[in-house]
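The next block holds one structure in the form of C-alpha cells; read it before the comments.
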Amino acid sequence: MDMIGGTGSFRLKMHSATGLGDSAAYWEGRVALEGDVARLRGGDLDALSTLLTRYQNRLYRYLLRLVREPAEAEDLFQQTWLRVAEKIRQFDPQRNFEAWLFTLARNLAIDHLRRIRPESLDQPAGDPTGETAAARLPSHERPPIEGILARERAGRLGTALETLPLTQREVLTLRFEEEMKLEEIAEVLDAPLSTVKTRLRRALERLRMTLETQYPGESWQ
Amino acid sequence: MNGHEKIRELLTLLAAGVLEPREEKQVLDHLRTCEACSAELEDWKLLAGGLRRLPTPQPRAVVVERARAQAQIRLSEEFEHRWNRSVIVGLIVFAWVLTLLSWPLVRLLTGGLLGLLVPGFSHAWIVFGAFTTSVWLAGGAAAVLLSMQHRRERRLA
Amino acid sequence: MSRFTEELSLIPRTARIVAASVWIAATTGLIVLVKSGVDRELASAPPALRIFVTLFPPIVLTIYALLIGYVYADAKRRGMRYVMWTLLAVFIPDGIGIILYFVLRDPPMRACPSCAQLAKSGFTFCPHCGTSLLPTCPNCGRGVELGWANCPHCGTKLPVPGTRAA
C-alpha cells in the first residue's frame, strides 16, 4: 500500500533488531527524499547537491567496503554521482532511490574490480567452492598509508571484515552499516531473498570464525 | 529431528534482524528452554552490535566537492540536450510554416503581377515550388559547408 | 515552462522593439493590401480567411525577429562568433539559419571552480587562472573523463587511481 506516491511497500513489519526509530521522523525523511528525487528528475542542481550531501558518507563507506582501497573508492564515488546525473531521467520514480543508488555504485565497483583485480571477485554464489577463499588483500601493490591507518582505527573487527570475500562483505555492510531491509538488499544485489539470507548467515559465521581463529580466547572488540 | 540444528542456523539471522515474525517466535520459544542457544545468540548479538558500531570512514571534502561539481555539470548537460531537442523540433515546424507562408504572401504582395506573367493557376504553384526548392537547396548547401567548417574548428580547438 | 521564460528573457531589448515594429508594420501593410482588393482571389474569399491572412503572417514574422534576437544574445553568452551567427540566422532563408544555429551551438560556458570566471565548455584548463577543469591524459595532456581506461586522443592507458603511476 503506497501512502505517499510511489516509493514502495508500506513497511509495517518492525523486526525486533532493526529499530526504525521514531515513525514520524521516518516518514518525514521519506517525504523529503521523494521531493528531492522528483526535483532531481526535473534537472534541479540543488536537489542533486542535497542528495549528494545526504548520501556522501554512506555511499563512500559502501564503496570502500567493496574495493578496500580509499583512493579507488574516491574515484568510484565521483563516477557514481556522474552516473546518477546521466541516468536519473530513466529512473522510475516508483523504485527505491537508495537501492538504485547503491546498485549503480555496486556495478561500477564490480566493473572496476574486474578490470584491476579480477582475482578479488568471487565465484558465483551457486558454486560450492566459491566461498572458500584466502585473505583477499590487494596483491600487487603496497597498501597506501591511509589504508593502513584506517585499518588501525577499524580495529580487529574491521580488519577481519576485510578478509571476507566480496559477496559476504557487502551483505554485511548493507545489513549492519546501511541498516537496509532484506528486500532492499535483495534489490541492490539483484538476488533472491533466500540467497541474501544464506549469504548473511554464512558471512556472520565466517566472520566469527576468522575472529576466533585470529584472536583465540581474547576479546576482539 | 534436527530442530536444534535448524534453530542454530536461525540464531544468526535473528541477531541480524531478518527473520519473519513466525520464525522469530519459533526461535524465541526454543530459547526459553535452551541455555546453550541463548548464550550463542548473545555471541551473535555481540558480533552484530560490533558491526553496527564500526567507525564510518569519511570521504575527503575535496573529493566530495569535485564529485558534486562534475555531477552538476553533467546533469545540466543532459537537460540541455533534452531542451535543445524540443527547441529544434519547434523550429523545424516554424521553418515549414515560414516556407508555406511565403508562397501566398509573395503572391499577395506582388498582387496580380504574377498573374500577368503566368497565365494559369497551376503554373504559379510550379514557380513557387521551384522557388522554394532552390531556397532549400541554397540553404542546405550553406548548412553543409558551415557545419564542415564548424567541425573542423572544433577538432582543432 | 519556466525554462522557456528563462530563455525568453535573454532576448535583447532592441530585438523586442524591432519585433514589435515588424508586427505593427506587417499587420498594417496586410490590412491595406487585403482591403485594396489587389488580389482577386482573396477579395472573393470568405472573411475568416481574409482576417487570418491579416493576423497570422505578422505573428510569424515577429517570432522570426525575436528568434534572431535570441540567437544574438545566446551566441554571445556561449562564447561563439555571435555576429556571424546572427547574420546567418537572418540571411539563410526559411529559418534554416536559425535551425542550424541551434544544432551547432556550443554548450554553455562553465565557471572555473577556483577563480569563478567563465570558460568555454571544452577547455581543459581555465584561461584565467590555469586550474585544471578536467582530468588530463599523462601523455598528451588533453582532457579525459573519469572512468576511462584509455585516452581517446593518443591512446595511452590511463592510470588507475590509487596506484603509483610511473
Side-chain angles (χ1 to χ4, degrees), chain A residues 13 15-19 40 42-45 48-49 52-53 56-61 63-65 70 73-75 77-86 88-89 150 153-155 157-158 161 172-173 175-177 179 181-182 185 193 196-197 200-205 207-208 211 220-221, chain B residues 5-25 27-28 31 40-85:
Chain A
K13 289 195 292 185
H15 296 291
S16 48
T18 52
L40 179 62
D44 187 337
L45 295 182
L48 178 62
S49 186
L52 193 146
T53 308
Q56 66 182 52
N57 290 336
R58 294 173 54 187
L59 191 65
Y60 177 72
R61 174 177 62 191
L63 286 168
L64 187 60
R65 295 280 177 250
E74 287 178 347
D75 187 62
F77 180 83
Q78 295 186 5
Q79 283 187 49
T80 305
W81 286 105
L82 276 179
R83 275 289 170 87
V84 168
E86 282 168 25
I88 191 64
R89 275 185 14 229
R153 276 194 301 273
L157 184 54
L161 183 59
L172 286 180
T173 189
R175 178 64 206 106
F176 294 104
E177 294 191 283
E179 308 225 330
K181 313 285 264 167
L182 211 58
I185 300 178
L193 281 178
V196 176
K197 275 189 181 177
L200 197 49
R201 181 174 55 79
R202 289 213 191 125
L204 283 168
E205 287 171 358
L207 184 63
R208 181 173 174 180
L211 284 167
W220 39 262
Q221 297 242 329
Chain B
E5 266 309 306
K6 194 156 171 287
I7 295 292
R8 289 202 69 226
E9 277 189 7
L10 293 180
L11 287 178
T12 43
L13 294 177
L14 177 58
V18 298
L19 284 183
E20 317 248 326
R22 181 186 53 86
E23 292 172 316
E24 198 174 316
K25 185 175 181 308
V27 174
L28 291 175
L31 288 182
E40 177 106 358
L41 180 67
E42 286 314 305
D43 285 341
W44 288 121
K45 278 193 177 169
L46 212 61
L47 188 58
L51 282 171
R52 284 204 186 91
R53 284 190 303 272
L54 276 175
T56 304
Q58 311 238 337
R60 291 184 295 154
V62 56
V63 172
V64 173
E65 291 320 308
R66 237 183 13 146
R68 192 194 310 270
Q70 290 188 333
Q72 283 182 323
I73 288 174
R74 180 62 62 88
L75 189 69
S76 37
E77 277 174 8
E78 292 282 322
F79 279 81
E80 264 283 298
H81 281 200
R82 220 178 52 147
W83 169 252
N84 269 3
R85 225 164 288 154

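Computed over heavy atoms, backbone and side chain alike; hydrogens, waters and symmetry mates excluded. What you are looking at is a predicted structure, and each value in this text was computed from that prediction instead of being measured. Below, read A as the first sequence line, B as the second, and so on, with proteins coming before strands; counting in each chain starts at 1.
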Could I get the full list of side chain to side chain donor-acceptor pair (under 3.5 Å) partners for T173(A), not counting sequence neighbours?
E177(A)
Centre of W44(B)'s six-membered ring, under 6.0 Å away, within 45 degrees of the axis: is that where NZ or CZ of R208(A) sits?
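Verdict for W44(B): a cation-pi partner in R208(A).
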Relative to chain A, which of I73(B), L51(B), L10(B) shows the most heavy atom pairs under 4.5 Å?
L51(B)
Heavy-atom contact with chain B under 4.5 Å, split by part of [X]:
X	value
L63(A)	neither
I185(A)	neither
L48(A)	side chain
R83(A)	neither

Taking every heavy-atom pair that is under 4.5 Å apart, which of V84(A), I88(A), L207(A) has the most such pairs with chain B?
L207(A)
Can you tell me which of L161(A), L193(A), L52(A) forms the most heavy-atom pairs within a distance under 4.5 Å of chain B?
L52(A)
What part of E77(B) lies closer than 4.5 angstrom to a heavy atom of chain A: side chain, backbone, both or neither?
neither
Side chain, backbone, both or neither: which part of L13(B) has a heavy atom under 4.5 Å from chain A?
side chain
Residues which pass side-chain contact (heavy atoms from CB on, under 4.5 Å) with E42(B), listed by chain and number, not counting sequence neighbours
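E42(B): side-chain contact (heavy atoms from CB on, under 4.5 Å) contacts with K45(B).
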Any side-chain heavy atom of [X] within less than 4.5 Å of one from [Y]?
X	Y	value
T53(A)	R68(B)	yes
V64(B)	F77(A)	yes
L200(A)	T12(B)	no
F176(A)	L204(A)	yes

